[in-house]
Amino acid sequence: MFVALAVIAVAGCAEHTVREETHEAVPHGYVAGAEESAEAQSRLVLADSGTGGVRVLDLITGEVESLGTVRDVGAITGDGRFAYLSTPAATHIVDSGAWTVDHGDHVHYYRARPRLVGTVSGGGRPAAAGDTAVTALSFADGGALVLDRARLEKGEVTHTSQAGAVLAVPYAERLLVARGDAVEVRRRDGAPVARLAEPCREPRGHAVTRRGAVLGCADGALLISGNVTGKGGFTAEKIGYPAKAPRATAFSHRPGSTTLAARAGTRGTWLLDVSAKAWKFLETGPMVAVNTAGAGSPVLTLDAGGVLHAFDPGSGKRIASTKPLSGGGGGSIQVDTTRAYVNDPAGRAVHEIDYNDRLRRARTFTLDFRPTHMVETGR
């Protein structure tokens with residue numbers, strides 16, 4: 001925590017600030033009620049679909065904090081700080097108390113107490129996409145809500161609706177809204193700005209990378225790049241599938257990475273290199289979850305028997321497999337810069353895997369509940 005008469009030095013920041021009792025300035029990066037840390041404060045938000053218990057596992061300390069009960073959780077997603085637990089009637093919002101603020105030339109890491117924030121109407125497995133200003137929740141049955149992040153951080157749930165949206169993604173101070181086959185650029189208040197020339201049929205799945213935003217379309221991925229101050233505004237380019245295989249409907253990746261993984265139905269796994277604008281199809285067979293840490297890193301897949309596999313992204317060959325990490329019923333691989341996490345509901349545990357060391361099990365967190373659903377925050 002910041003205290004009076006302390007000199008706060010933030011690496012990479014332009015200046016140091018001294019807080020004094022008589023004239024107290026706000027230090028660079030200061031966030032009320034939060035503690036700034038020197039490293040990412042990774043946490044896992046976990047939900048037990050049987051009992052409804054919601055917990056937060058701190059991956060730094062190993063401590064678990066209970067946040068109460070949310071009944072009938074069917075899925076979980078996150079935006080880096082907040083987790084969204086969907087039930088048939090509503091989406092419940094959890095502030096994990098761990099987040100990162102990237103200023104480009106330097107990064108701030110924060111930790112605070114986790115808490116349940118509130119709910120919004122609409123369930124059915126929403127897709128979440130957020131930045132420092134807003135988070136958009138796109139619902140499978142249509143419609144999208146845009147949440148005000150500043151108020152959400154204060155524990156207040158306020159939102160606006162995006163008319164006709166099938167998918168909404170915050171990007172470069174605007175909203176990318178898929179409506180029918182068209183993709184519109186809108187201001188954060190929903191006012192239309194432009195329509196992209198390239199269509200996106202049957203939009204499903206999205207990702208935001210350092211190379212642009214990606215929307216999953218029936219015939220490939222739509223890569224959208226640009227900014228609000230650039231003379232050309234936004235540009236869109238379709239990256240078509242190179243082979244006939246089931247399309248990608250959801251993307252997984254490490255935050256900040258430009259390499260995306262997606263299931264290809266029951267046939268295999270798609271790998272999308274956003275920088276190279278190229279797909280690669282891997283013959284992995286049917287998998288319940290896939291993920292990757294980035295360019296050159298192994299592609300991780302989890303099969304229905306709870307076995308984790310690693311595939312070489314270049315050759316597509318399997319290079320490692322584990323013993324079963326769960327008795328089935330899991331289905332999530334969360335990835336950060338050095339580790340992967342696999343939930344094990346039957347074993348009441350979460351396994352930490354070193355994916356750069358032939359899937360060595362680094363730690364196992366034993367729990368007193370079934371972690372049916374899991375999402376990582378703090379990155």
Legend entry - Common cluster, L44/V94, ILVMFWY with side-chain heavy-atom separation under 4.5 Å: no
Inset, instruction - Quick one: pull up CG in L260 and CG in L272 and give me the separation to the nearest 0.5 Å. - result: 5.0 Å
Inset, instruction - Could you walk me through whether F311 and T269 pass side chain to side chain contact (heavy atoms under 4.5 Å, CB included), step by step? - result: CA-CA 10 Å; F311 290 82; T269 300; over 6 Å; no
Legend entry - Side-chain heavy atoms of T87 within contact of H92, under 4.5 Å: yes
Legend entry - Qualifying residues under ring pair (Phe, Tyr, Trp, His ring centres under 6.0 Å), relative to F365, sequence neighbours excluded: none
Inset, instruction - State whether the side chain of T372 and the backbone N or O of S49 hold a donor-acceptor pair below 3.5 Å, judged by distance alone. - result: yes
Inset, instruction - Using atom types as modelled and distance alone, determine if a side-chain donor or acceptor of K277 lies under 3.5 Å from a backbone N or O of I239. - result: no
Legend entry - Partner residues of T158 under the side chain to side chain contact (heavy atoms under 4.5 Å, CB included) criterion, sequence neighbours left out: D148, R151
Legend entry - Least distance between heavy atoms, L145 atom then S121 atom: CD1-O, 3.9 Å
Inset, instruction - Answer yes if F82 and I76 sit in the same cluster of Ile, Leu, Val, Met, Phe, Trp and Tyr residues linked by side chain heavy atoms under 4.5 Å apart, and no otherwise. - result: no
Legend entry - V290/L282 under side chain to side chain contact (heavy atoms under 4.5 Å, CB included): CA gap, chis, key distance, verdict: CA-CA 11 Å; V290 300; L282 305 182; over 6 Å; no
Inset, instruction - For S332 and Q334, test the side chains for any donor-to-acceptor distance below 3.5 angstrom and give the result as yes or no. - result: yes
Legend entry - Sequence neighbours excluded, every pair satisfying salt bridge (Lys or Arg N to Asp or Glu O under 4.0 Å) that has a member inside residues 63-72: E65-R113
Enumerate donor-acceptor pairs with a distance under 3.5 Å from any side-chain N or O in residues 298-307 to protein atoms, sequence neighbours excluded.
{"from": "D303", "atom 1": "OD1", "to": "G305", "atom 2": "N", "distance (Å)": "2.9"}
{"from": "D303", "atom 1": "OD1", "to": "G306", "atom 2": "N", "distance (Å)": "3.2"}
{"from": "D303", "atom 1": "OD1", "to": "V307", "atom 2": "N", "distance (Å)": "3.0"}
{"from": "D303", "atom 1": "OD2", "to": "H309", "atom 2": "NE2", "distance (Å)": "2.9"}

Legend entry - salt bridge (Lys or Arg N to Asp or Glu O under 4.0 Å) partners for R358, two or more places apart: none
Legend entry - L367-Y341 co-clustered via ILVMFWY side chain contacts under 4.5 Å: yes
Legend entry - Results of side chain to side chain contact (heavy atoms under 4.5 Å, CB included) for N291 - residues two or more places apart only: S252, I333, V335
Legend entry - pair P246-R267: side-chain heavy atoms closer than 4.5 Å: yes
Legend entry - Non-neighbouring partners of D48 that pass salt bridge (Lys or Arg N to Asp or Glu O under 4.0 Å), sequence neighbours left out: none
Inset, instruction - Decide yes or no for V45 and T377: does some side-chain heavy atom of the first lie under 4.5 Å from some side-chain heavy atom of the second? - result: yes
Inset, instruction - Starting at CZ of R361, measure out to NE2 of H351 and round the result to the nearest 0.5 Å. - result: 5.0 Å
Legend entry - Non-neighbouring partners of D58 that pass salt bridge (Lys or Arg N to Asp or Glu O under 4.0 Å), sequence neighbours left out: R43, R111
Legend entry - Minimum-distance pair of heavy atoms, taken over all atoms of P170 and D131: CB-OD2, 3.6 Å
Inset, instruction - Return the set of residues passing salt bridge (Lys or Arg N to Asp or Glu O under 4.0 Å) with R115 (not counting sequence neighbours), or none when no residue passes. - result: D95
Inset, instruction - Any chance you could measure H159, atom NE2, to L152, atom CG, to the nearest 0.5 Å? - result: 11.0 Å
Legend entry - Interatomic distance, E352 atom CD to D354 atom CG [nearest 0.5 angstrom]: 8.5 Å
Legend entry - Residues which pass side chain to side chain contact (heavy atoms under 4.5 Å, CB included) with R125, listed by chain and number, not counting sequence neighbours: A75, S86
Legend entry - Heavy-atom check, side chain of Y241 versus side chain of C217, under 4.5 Å: no
Inset, instruction - Treating Ile, Leu, Val, Met, Phe, Trp and Tyr as nodes and any side-chain heavy-atom pair under 4.5 angstrom as an edge, say whether F251 and F281 lie in one connected cluster. - result: yes
Inset, instruction - Decide whether a cation-pi geometry holds between R55 and F369; the criteria are a distance under 6.0 Å from NZ or CZ to the six-membered ring centre and an angle within 45° of the ring axis. - result: yes
Inset, instruction - Answer with yes or no whether the side chains of S42 and R379 bring together a donor and an acceptor at under 3.5 Å. - result: yes
Legend entry - Single-linkage hydrophobic cluster, 4.5 Å side-chain cutoff, L46 and V54 together: no
Inset, instruction - Mind listing the closest non-hydrogen atom pair of N343 and G331 along with its distance? - result: OD1-N, 3.7 Å
Inset, instruction - Evaluate the side-chain proximity of E376 to L59: yes if any heavy-atom separation is below 4.5 Å, no if none is. - result: yes
Inset, instruction - Write down the atom of A289, the atom of R263, and the distance for their closest heavy-atom approach. - result: N-CD, 4.2 Å
Inset, instruction - Compare all side-chain heavy atoms of L67 with those of P114 and state whether any distance is below 4.5 angstrom. - result: yes
Inset, instruction - Considering only NZ, NE, NH1 and NH2 on the basic side and carboxylate oxygens on the acidic side, decide whether D336 and R254 come within less than 4.0 Å. - result: no
Inset, instruction - Please report the closest heavy-atom contact between G78 and V375, naming both atoms and the distance. - result: N-CG2, 3.8 Å
Legend entry - Neighbour count >12 (heavy atoms, 6.0 Å) for atom CZ, R363: yes
Legend entry - Interatomic distance, D344 atom CG to R370 atom CZ [nearest 0.5 angstrom]: 9.0 Å
Legend entry - Side chain to side chain, Y84 and L137, heavy atoms closer than 4.5 Å: yes
Legend entry - Check: S275 main-chain N/O paired with T258 side-chain donor or acceptor under 3.5 Å: no
Inset, instruction - Kindly give the heavy-atom pair with the smallest separation between V214 and A221, and that separation in Å. - result: CG1-CB, 3.9 Å
Legend entry - Side-chain heavy atoms of T91 within contact of F139, under 4.5 Å: yes
Inset, instruction - Not counting sequence neighbours, which residues clear side chain to side chain contact (heavy atoms under 4.5 Å, CB included) with Q162? List them please. - result: A144, V146, T160, A165, L175, V177, R186
Legend entry - Spacing of R339 atom CZ and R360 atom CZ [to the nearest 0.5 Å]: 5.5 Å
Legend entry - Side chain S138, main chain A168, donor-acceptor under 3.5 Å: yes
Please tabulate, one pair per line, all N/O donor-acceptor pairs under 3.5 Å involving side-chain atoms of residues 198-208, not counting sequence neighbours.
{"from": "H206", "atom 1": "NE2", "to": "A128", "atom 2": "O", "distance (Å)": "3.0"}

Legend entry - Check: R188 side chain, R174 main-chain N or O, donor-acceptor pair, under 3.5 Å: yes
Legend entry - Residue pair T132, R149: steps toward the side-chain hydrogen bond (donor to acceptor under 3.5 Å, both in side chains) verdict: CA-CA 7 Å; T132 57; R149 282 289 293 264; over 6 Å; no
Inset, instruction - Taking W270 for its side chain and W279 for its backbone only, find out whether a donor-acceptor pair lies under 3.5 Å. - result: no
